[in-house]
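Throughout, residue positions are numbered sequentially from 1 according to the sequence presented. Values below: all heavy atoms of this structure, side chains included; hydrogens, waters and symmetry mates excluded. The model shown is predicted, which means the values in this text are computed figures rather than measured ones. Just so you know, ligand 1 is whichever comes first in the structure, and atom 1 is the first atom listed for that ligand.
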Amino acid sequence: MWQTNAVALRAGDEAMLVDSPYFPDELEALPGVLAGAGFEPDALLATHADFDHLLGRLAFPGLALGLGEPSVERLHREPGAAQRELRRHDEQWYVARPAPLALGQVQTLPVPGSIELGREGLELHPADGHTADGLAVMARWCGVLCAGDYLSGVEIPMISEGGSLRDYRATLARLAPLVEAAETMVPGHGTPHTRDGALRILDEDVDYLDALERGDERPTLPKDRDTREQRRIHESNLRRLG
Ligand SMILES: [Zn+2]
């Protein structure tokens, strides 16, 4: 669903899973697929508290879920919201799950800040604007940036509840030097990008935010993202800002 990505990072003999796939068969297959590639996650992390990023514990029920401080606050502000949204989408797509989502033990992570993975450091950068919470994970030693729901090649910038245009712009400005320093950028949705591909999307997204701020009802959308669904997201962005 929505080309949702999960990223496994490894340093030394420690591994971490960032975000999650959505479908039960993907979640069930994930531990075996990762183990076959030499990844056995010791920890889970979600870039933000939207339900489609929180499902790691359905694949690894024994692991604690790491969330940035703003995401933990959001979960406290809206108790049960992620579970309700998951149920709603499961109903829409006729998805049955062996067990409901229990977030279990949540570990609060500092944002901005860094955490250790093996002998390496993972940088956590604030990434709000899409929602009120959010972080981007920079694994500098291997050149990978996990941007959460930013810089997607399949989705235009989406200002969801709690998000804001100003914060979204600030996040893009914060992501720019990280993209410059990365070899691969993995968005929450859609295929991973090279540095140049990600920089191109960043430019397109700044242009889109300009059009959104002007209140354009029919803006030029990036070629690969000019679809009916993205037009619908644009209308919802306009409503939220209006
Ligand atoms: Zn998402």
So, leaving waters aside, the tally of protein N/O/S atoms less than 2.8 Å from the Zn ion (ligand 1) stands at 4
Review point. Do the rings of H189 and H53 sit parallel, tilted or perpendicular, given the 30° and 60° boundaries?
Key: perpendicular
Under a side-chain separation threshold of 4.5 Å, the hydrophobic residues clustered together with L135 are V7, L9, M16, V18, L45, L109, V111, I115, L117, L122, L124, V137, W141, V144, V186
Residue pair N237 / Y168, side-chain donor-acceptor N/O under 3.5 Å
no
**Prompt:** Will you find, in the side chains of R174 and T171, an N or O donor that is under 3.5 Å from an N or O acceptor?
**Reply:** yes
message = Regarding T131 and D133, do their side chains bring together a donor and an acceptor under 3.5 Å, going by distance alone?
response = yes
Smallest heavy-atom separation, E116 atom then E14 atom, equals O-OE1, 4.2 Å
